[in-house]
Protein chains: 2
Amino acid sequence: MPKSINRTYSRYTREATRLLGQMIKLKRTKRKITAKDLAERAGISRGLLQRIEKGDLKCEIGVVFELATLVDIKLFDADNSSLTGHINRTEETLALLPKHVRNTKEVDDEF
Amino acid sequence: MPKSINRTYSRYTREATRLLGQMIKLKRTKRKITAKDLAERAGISRGLLQRIEKGDLKCEIGVVFELATLVDIKLFDADNSSLTGHINRTEETLALLPKHVRNTKEVDDEF
DNA sequence: TTATTATGATTCATATACAGAGCATTAATA
DNA sequence: TATTAATGCTCTGTATATGAATCATAATAA
């Protein structure tokens, strides 16, 4: 039973989401694609596209990334179009680290 | 009434989301922060953190970005910590473009 | 080894994000 | 100018993501 949720977001989070939405709108406009058309292409409603372009924090990340992909925005600047290499390398690094993290009870430098 | 939804995602979208989740887990592990602790810090449940680290596409973008921020991942490589400049510049560019996009009925180069 | 904590996975109830429709306003073209 | 499509809003019902609880397993530290 999720208690009524009221999240707080850092400024950076809000700005990053806002910027991504703006970039989508910018690219869409430059390409002369209507909101209706892009929404259809992404399989979402026009209303949702509007919220995303405004930087709404509560939208599915998959949909936002899909829109970015459709208008040709490169997330994670990678030379090639595939992120598989990145993923594999991260996976390997992760495999070398301890599987569990032990909580040192001292007040540490976590944050 | 949302009809039962079944989205499709491009490979790039899936990989980008997956990579971001992995990076969060990697940074968290390197810093020896437990999943429980990071979840608490972000104001979310441990289950949700798990889904995000696995690359679940249906999580709120705000929460994912907040986690990334907490473990010090830079989205949109910007020299300074603020994205305000970026936002303003995008805003200005957008202001110069036509407010409405007109749909040319020809089959065009949209995609 | 043993004790204890972290992780992974599942289930359920509910808060909420979504699609769809409608309406008013704006602005591009003819 | 007039026409008409695009955009920006609201609102409502419902599909679904989330918090909480639980259990099993893994793995760290003593």
Side-chain angles (χ1 to χ4, degrees), chain A residues 1-9 17 21-22 24-26 28-67 94-106 108 110, chain B residues 1-9 17 21-22 24-26 28-67 94-106 108 110:
Chain A
M1 56 186 91
K3 67 177 175 188
S4 192
I5 180 180
N6 189 14
R7 302 193 195 288
T8 64
Y9 304 93
T17 310
Q22 280 186 340
I24 291 172
K25 181 167 188 173
L26 181 61
R28 174 177 71 77
T29 306
K30 278 187 176 175
R31 289 190 174 200
K32 301 190 197 305
I33 308 171
T34 64
K36 178 169 173 290
D37 283 347
L38 182 57
E40 276 177 11
R41 175 82 180 185
I44 64 174
S45 65
R46 190 170 62 90
L48 180 54
L49 173 59
Q50 273 191 74
R51 286 176 51 208
I52 291 173
E53 288 186 345
K54 284 180 63 176
D56 194 307
L57 295 155
K58 329 205 77 122
C59 306
E60 297 178 10
I61 191 171
V63 173
V64 181
F65 279 12
E66 187 68 16
L67 286 169
L94 206 41
L96 299 178
L97 294 175
K99 310 311 173 206
H100 286 37
V101 170
R102 206 68 174 198
N103 214 343
T104 63
K105 265 308 175 197
E106 323 137 21
D108 52 7
E110 288 182 4
Chain B
M1 57 188 88
K3 65 178 175 187
S4 191
I5 181 180
N6 189 14
R7 302 193 195 288
T8 63
Y9 304 94
T17 310
Q22 280 185 339
I24 291 172
K25 180 167 189 173
L26 182 61
R28 173 177 71 78
T29 305
K30 278 187 175 175
R31 290 191 174 198
K32 300 191 197 307
I33 308 171
T34 63
K36 177 170 172 290
D37 283 348
L38 181 58
E40 276 177 10
R41 175 82 179 184
I44 64 174
S45 64
R46 191 170 61 92
L48 180 53
L49 173 60
Q50 273 189 75
R51 288 176 49 209
I52 291 173
E53 287 186 345
K54 284 180 62 176
D56 194 307
L57 295 156
K58 329 205 81 131
C59 306
E60 297 177 11
I61 192 171
V63 173
V64 182
F65 280 11
E66 187 67 14
L67 286 169
L94 207 41
L96 299 179
L97 294 175
K99 312 309 175 207
H100 287 35
V101 170
R102 206 67 174 198
N103 213 342
T104 63
K105 265 308 175 198
E106 322 138 21
D108 53 5
E110 287 184 3

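By convention in this document, chain letters (A, B, ...) are assigned in the order of the sequence lines, proteins followed by strands, and residues within each chain are numbered from 1. Owing to the predicted nature of the structure, the values given are computational and were not obtained by experimental measurement.
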Tell me, do A:L26 and B:L97 make a side-chain contact under 4.5 Å, heavy atoms counted?
->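 Sidechains of B:L97 and A:L26: in contact.
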With the side chain counted from C-beta on, respond yes when A:D37 and A:R41 share a heavy-atom pair under 4.5 Å apart, and no when they do not.
->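 A side-chain contact is absent here, since even the closest heavy-atom pair is not under 4.5 Å.
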Tell me the interatomic distance from [X], atom [atom1], to [N], atom [atom2], rounded to whole angstroms.
{"X": "A:K36", "N": "C:dG20", "atom1": "NZ", "atom2": "P", "value": "12 Å"}
{"X": "B:Q50", "N": "D:dA17", "atom1": "CD", "atom2": "P", "value": "17 Å"}
{"X": "A:L94", "N": "C:dT7", "atom1": "CG", "atom2": "P", "value": "11 Å"}
{"X": "B:I44", "N": "D:dA17", "atom1": "CD1", "atom2": "P", "value": "15 Å"}
{"X": "A:L48", "N": "D:dT12", "atom1": "CG", "atom2": "P", "value": "20 Å"}
{"X": "B:E60", "N": "C:dA15", "atom1": "CD", "atom2": "P", "value": "15 Å"}
{"X": "B:K58", "N": "C:dA19", "atom1": "NZ", "atom2": "P", "value": "10 Å"}
{"X": "A:K99", "N": "D:dA26", "atom1": "NZ", "atom2": "C1'", "value": "11 Å"}

Comparing B:L97 and A:V63 on DNA chain C - which has the more 5′ nearest nucleotide |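 It is A:V63, whose closest nucleotide lies nearer the 5' terminus.
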Indicate yes or no for a side-chain donor-acceptor contact from A:K99 to the backbone of A:A95 under 3.5 Å, with no hydrogens or angles considered.
->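 Pair found, side chain donor or acceptor close to backbone of A:A95.
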Exam field: side chain A:R28 to backbone A:I33, donor-acceptor pair closer than 3.5 Å |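 Between the backbone of A:I33 and the side chain of A:R28 there is a qualifying donor-acceptor contact (under 3.5 Å).
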So how far is it from B:L67 CG to B:I24 CD1, rounded to the nearest 0.5 Å?
->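 Those atoms lie 5.0 Å apart.
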First locate atom CZ of B:R102, then atom NZ of A:K32, and finally report the distance between them rounded to the nearest 0.5 Å.
->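 So the gap between those two atoms works out to 12.5 Å.
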Should we count NZ of A:K58 as having more than 12 external heavy atoms under 6.0 Å?
->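 It does: A:K58 NZ has more than 12 such atoms within range.
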Choose from [options] the nucleotide whose nearest atom is closest to any side-chain atom of [X].
{"X": "B:H100", "options": "D:dT28, C:dA28, C:dG8", "result": "C:dA28"}
{"X": "B:K25", "options": "D:dT28, C:dG8, C:dA17", "result": "C:dG8"}
{"X": "A:R7", "options": "D:dA15, D:dT18, D:dC9", "result": "D:dT18"}
{"X": "B:N103", "options": "D:dG8, C:dA19, D:dA6", "result": "D:dA6"}
{"X": "B:P98", "options": "D:dT7, D:dA15, C:dA28", "result": "C:dA28"}
{"X": "B:V101", "options": "C:dA27, D:dT7, D:dT18", "result": "D:dT7"}
{"X": "A:R51", "options": "C:dA17, D:dT18, C:dA19", "result": "C:dA17"}

Phosphate oxygens OP1/OP2 of C:dA9: is one of them under 4.0 Å from a side-chain N or O of B:K54?
->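 Checking B:K54 against C:dA9: at least one side-chain N or O falls below 4.0 Å of OP1 or OP2.
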Any side-chain N or O of B:R46 under 4.0 Å from OP1/OP2 of D:dG19?
->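 No.
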Angle of first-five versus last-five pair axes in the helix from C:dT1-D:dA30 to C:dA30-D:dT1, to 10 degrees =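 Axis angle across the helix from C:dT1-D:dA30 to C:dA30-D:dT1, nearest 10°: 70°.
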Cationic N near anionic O, under 4.0 Å, A:E60 to B:R7 =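 A salt bridge is present here (some side-chain N lies under 4.0 Å from a carboxylate O).
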Name the residue closer to the 5' end of DNA chain D, choosing between A:R102 and A:E53 according to the nucleotide with the nearest heavy atom.
->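 It is A:E53 whose nearest nucleotide is closer to the 5' end.
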Comparing B:S45 and B:S4 on DNA chain D - which has the more 5′ nearest nucleotide |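 Looking at the nearest nucleotide for each, B:S4 comes out on the 5' side.
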